[in-house]
Amino acid sequence: MLELRIIRNEMERVLEGYRKRNLPEELLALIPEIISLDDHRKASQLLVDRNLEKLNLLSKEIGDLFKNGNAAEAESRKLEVATIKEANAQLEADLASAKLGIEERLLLLPNVPYSLVPMGSSAEDNLVFKPWTGNLPKLAAGSLPHWELAKKYDLFDMELGVKISGSGFILYRNKGAKLQRALINFFLDEATKAGYEEIQAPLLVNADSARGTGQLPDKEGQMYFAEKDNLYLIPTAEVPVTNIYRDVILKKDDFSIKMCGYTPCFRREAGSYGAHVKGLNRVHQFDKVEIVRIEHPERSYGVLDEMLTHVESLLGKLELPYRILRLCGGDMGFASAMTYDFEVYSAAQERWLEVSSVSNFETFQTNRMKLRFKNDKGDSILAHTLNGSALALARIVAALLENHQDADGINIPVALRPYTGFDRIH
RNA sequence: GGAGGAAUGGCAGAGUGGUUUAACGCGGCGGUCUUGAAAACCGUUGACUGUAACAGGUCCGGGGGUUCGAAUCCCUCUUCCUCCGCCA
């Protein structure tokens, strides 16, 4: 949730940022409404507080009067109290509705894009921040897309996924299952080497956690929900891992906080059926190792670059051609201030697949989570949060299978061989 | 699932209706002393809101209620502990 402080103090930057997102007029119109509601809130608060002060004083007087045996005088003060309370009830209702109005509107406003974010309305306008400079793999005639390779080498089964659960659920088997496990371990080990603490977090979370990282109310329809227990299946490890620090005040030397976690991710992907959902390209359940950082605001963009380097090294070791996009305002997620997407080239499909998204949320999550640190002056300052996939499995598997195939098998990248225990699928 | 108990500041722990403006202690911070440190002694010590700065207001697990007045009484929810049952 965007800080009210930013709206009040940095209006220029907010408006400039929202132009990059092509924010519709009706949302821009919320900004002056929020400011006037907040003025109203302050005024009401002042009046309410003054009345409360009077009530506090009167209560003390009444206590003293009773002690001194002056019951008559005490009773007359009680009448005074009743009058003030009645007047205050209306003011308090007024105050509550102003607060609610501010909250409702703030929840509708996305994060303000960082200065480097390009203007744009769709994926077309994303900046290719780091193009692939090598040659794209050219596959021999007869090369197969990953869903055909899966059948040929018995790696995963989509029909069984449908039978057991429904469309979009995959059953991995044999070397397909082992490849999954190998990738997860590889990614976790690489993150550990880079200094990230490994976390195993709950896969179901409560509404407070989903709200903390911004999935609620914005993406409610994208999450599976266990109604009986009021728990959401996580769409990413970001949710449970970041929420470790909900309602926490850090000391300044608690930085840097670096955590990673492997979890399955559950996404309903409502309304996204279409041409590009074949095979592993878009599924309801996939595995992902996520890296999460909690940082001092002055360092967060340096850390974002550091995270890019980490993801790059993973893709390099997997011998996959990749490029990095800096997302334009219109294509960025609601909560993000700047996002880089990593795409790997899927040679048989001849298209780029998004395999990682690395974002700086600045204070958008911490404002809602109340995650702060103490500066030298003793003020509580909101920390910055960042996270990124390092990496997401299903599409990586698709690209690995397609790019490393030859006529009668698939080669496993050297870095992964200690983890798979085999060099080749054939 | 059943029966009982509990939840107070960073930690520990008093407080059962009116100097609680939350005791005492530990820890933290500052100081005295010391070549330096420890010990000892003295002082200080949370969050939110609000103000130019004061003032003021809110917060004793969450929410609601009783009362002139609630950490304290009532209702409700959540979490933890003990015992029983079930169980990977």
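Values below: all heavy atoms of this structure, side chains included; hydrogens, waters and symmetry mates excluded. To find a chain, count down the sequence lines: A is the first, B the second, and so on, and within it residues start at 1.
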What is the pairing partner of [N], taking Watson-Crick or G-U wobble pairs with both distances under 3.5 Å in any strand?
N	answer
G1(B)	C84(B)
C54(B)	none
G69(B)	none
A7(B)	U78(B)

Next item on the list: Answer with yes or no whether the side chains of Asn411(A) and Gln405(A) bring together a donor and an acceptor at under 3.5 Å.
Entry: no

Rounded [atom1] spacing from [N] to [M] in Å:
N	M	atom1	answer
A40(B)	C48(B)	P	33 Å
U32(B)	G15(B)	P	39 Å
G85(B)	G2(B)	C1'	8 Å
C54(B)	U72(B)	C1'	33 Å
U78(B)	G64(B)	C1'	15 Å
U16(B)	A23(B)	C1'	16 Å
G63(B)	G56(B)	C1'	26 Å
U66(B)	A12(B)	P	35 Å

Note to self: Under 4.0 Å between a side-chain nitrogen and a carboxylate oxygen: does that hold for Arg41(A) and Asp38(A)?
What the structure shows: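 Salt bridge: yes.
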
What is the distance, to the nearest angstrom, from the [atom1] atom on [X] to the [atom2] atom on [N]?
X	N	atom1	atom2	answer
Arg50(A)	U58(B)	CZ	P	15 Å
Ile84(A)	G57(B)	CD1	P	13 Å
Asn206(A)	C77(B)	CG	P	18 Å
Asp38(A)	U49(B)	CG	C1'	11 Å
Lys42(A)	U58(B)	NZ	C1'	17 Å

Distance below 4.0 Å between [X] side-chain N/O and [N] OP1 or OP2:
X	N	answer
Asn56(A)	U58(B)	yes
Ser380(A)	C48(B)	yes
Arg372(A)	C48(B)	yes
Lys251(A)	G27(B)	no

Margin query: Name the residue from Arg395(A), His146(A), Glu402(A) that meets the side-chain hydrogen bond (donor to acceptor under 3.5 Å, both in side chains) definition with Ser346(A).
Written below: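 Running side-chain hydrogen bond (donor to acceptor under 3.5 Å, both in side chains) over Arg395(A), His146(A), Glu402(A) with Ser346(A) returns exactly one hit, Glu402(A).
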
Next item on the list: Report the residues that fulfil side-chain hydrogen bond (donor to acceptor under 3.5 Å, both in side chains) with Asn243(A), sequence neighbours left out, ordered by chain and then residue number.
Entry: Arg246(A)

Next item on the list: Would you state whether a donor and an acceptor, one from the side chain of Asp49(A) and one from the base of G56(B), lie under 3.5 Å apart?
Entry: yes

Item checked: Single hit among Leu400(A), Asp287(A), Thr420(A), Leu188(A) for side-chain contact (heavy atoms from CB on, under 4.5 Å) with Leu183(A) ->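 Among the candidates, only Leu400(A) passes.
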
Next item on the list: Flag yes if more than 12 heavy atoms outside Arg50(A) fall under 6.0 Å of its CZ atom; otherwise flag no.
Entry: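 Not more than 12 within 6.0 Å, no.
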
